[in-house]
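When reading the values below, keep in mind they use all heavy atoms of this one structure, side chains included, and skip hydrogens, waters and symmetry mates. Per chain, numbering begins at 1; letters A, B, ... match sequence-line order.
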2 protein chains.
Amino acid sequence: MTVPQLPVDEIVAAQRPYRRDAARNYDALLSAAREVFAESGAEAPLEDIARRAGVGIATLYRNFPTRRHLFESVYADEVAALCRVAEGVAALEPWEALDSWLRRFVGYSVTKRAIREAMDDESDIFQACRESMYRAGGPLFDRARQAGRIRTDIDFDDLLRMVAGITATNFLDDAQRDRVLGVALDGVRAVR
Amino acid sequence: MTVPQLPVDEIVAAQRPYRRDAARNYDALLSAAREVFAESGAEAPLEDIARRAGVGIATLYRNFPTRRHLFESVYADEVAALCRVAEGVAALEPWEALDSWLRRFVGYSVTKRAIREAMDDESDIFQACRESMYRAGGPLFDRARQAGRIRTDIDFDDLLRMVAGITATNFLDDAQRDRVLGVALDGVRAVR
DNA sequence: TTGAAAGTGGAGGTTGACCTCCGCTAGAGT
DNA sequence: ACTCTAGCGGAGGTCAACCTCCACTTTCAA
């Protein structure tokens, strides 16, 4: 694979241990954490996560010295996946491409919701994530803007936060979330 | 005052104890809780809240048997305030009235952010809050819609959730939040 | 004014999450 | 195949939040 190496990917790769058993445990912990955080919120007992991963609590602490470290890794993992999606939609028509990428946020919002409150924008990992999002989605944004489909008084960061806020909110059902997101995005289109 | 009695007001009034010392402690606890939740998040130690209210921990538990009860009361208190605001803007031009009411959400979002994740839509209090919001803001919405200022494929619940999501999100500064909210609301206006 | 009833505070027992320690296991390199 | 080391598990000590209990204080209405 010749995927361009994004900041998140580097960080994720650097964290993953070398030995095969250790790497397996690391992966198991990461996906167990994603599930447990989504189900029980960001304050879920770390022991639950270790148990679900089929791993001792010590192994969890060895890989992720603090709850914060684990958070950041789960988050980085999801961001990386989201960035990969951006490549997949690059062939679409400008507004379509951006629009469909933004709508992918929904799938990742469960974890994000649980994670967000404990996350401050200052950490290195978070910076890397933000940077990655810019690289992945920024071109789509620029292209749509050049095509005249985006009003000029909004920037990419505005847009990201808007969508993040909406997708992280509870709705009655997915249809409502999509409808609301669509409405907000209509506001993003070029006026006139 | 001949303010129309909203569901929240009833519940808030019913909870407040009769005796003067008890009522004073109740109020102190409520505003201490609002502050502490805003500062330290929804998991803040209840003892911090009791201390800030200048009250024993037992008094807190007597008034609010569980953390959840306290949450709900703080939340109901804020909703009540927000509902009162809706009367104040009723004189404005239809879209202006709705728009300015929605923008008041921002002021109450700090607490809401801390509270939301622990809040499920099933509780009686939450239902009462929702009901109150409808009564307070629904007319503004209907009026704006009748004036042709709101697209017809969105309802009031959609709009509430959209704004709640955006206002509960972290932004670089207030200017960014306002800008993004404005963009989303442009989407809410009648298209064409 | 006074006494009954409602309310108060905070010490301390209980609970459960956190995280370390160390004897054991399994992978990597020769 | 063998060794040596990185990695493993989970028992149990530590710590902080929760919440109850009860002797004392305040309010209120008669």
Can you check the A:His69 NE2 to C:dC19 P distance for me, whole Å?
-> 12 Å
Please state how far atom CZ in A:Arg16 lies from atom P in D:dA6, giving the value in whole angstrom units.
-> 19 Å
Pair A:Asp27 + A:Arg16, salt bridge at N-O below 4.0 Å = yes
Please check the phosphate of D:dC8 (OP1 and OP2 only) for any side-chain N or O of A:Arg20 closer than 4.0 Å.
-> no
Whichever of B:Glu47 and B:Tyr18 has its nearest DNA chain C nucleotide further upstream toward 5' | B:Tyr18
Between P of D:dG9 and CG of A:Leu46, the distance in whole Å | 15 Å
Compute the centroid of each ring, for B:Phe37 and then for B:Phe71, and state whether the two points are separated by less than 6.0 Å.
-> yes
Using a cut-off of strictly less than 4.0 Å, decide whether A:Asn25 has a side-chain nitrogen or oxygen near OP1 or OP2 of D:dC8.
-> yes
Mind checking whether B:Asp173 and B:Gln176 have side chains closer than 4.5 Å, heavy atoms only?
-> yes
Atom CG of A:Asp21 and atom P of D:dA6 are separated, to the nearest Å, by 13 Å
CG of B:Asp48 versus C1' of D:dA16: gap in Å, rounded?
-> 11 Å
Rounded to the nearest angstrom, tell me the gap between atom CZ in A:Arg24 and atom C1' in D:dC8.
-> 12 Å
Near DNA chain C, under 4.0 Å by heavy atom, which residues of residues 56-65 of chain A?
-> A:Ile57, A:Ala58, A:Tyr61
Gap between atom CZ of A:Arg161 and atom OG1 of B:Thr169 - 0.5 Å precision = 9.0 Å
Does a side-chain N-to-carboxylate-O contact under 4.0 Å join A:Arg52 and A:Glu39?
-> yes
Ring centroid separation B:Tyr18 to B:Tyr26 under 6.0 Å = no
Using a cut-off of less than 4.0 Å, is there contact between a side-chain N or O of B:Arg19 and OP1 or OP2 of D:dC28?
-> no
How long is the line joining CD1 of B:Ile49 and P of D:dC18, in whole Å?
-> 9 Å
d(CZ, A:Arg67; P, C:dG16) in whole Å | 16 Å
Charged N to carboxylate O under 4.0 angstrom, B:Asp153 versus A:Arg179?
-> no
NA contact type, B:Arg51, heavy-atom cut-off 4.0 Å: base, sugar-phosphate, or nothing?
-> nothing
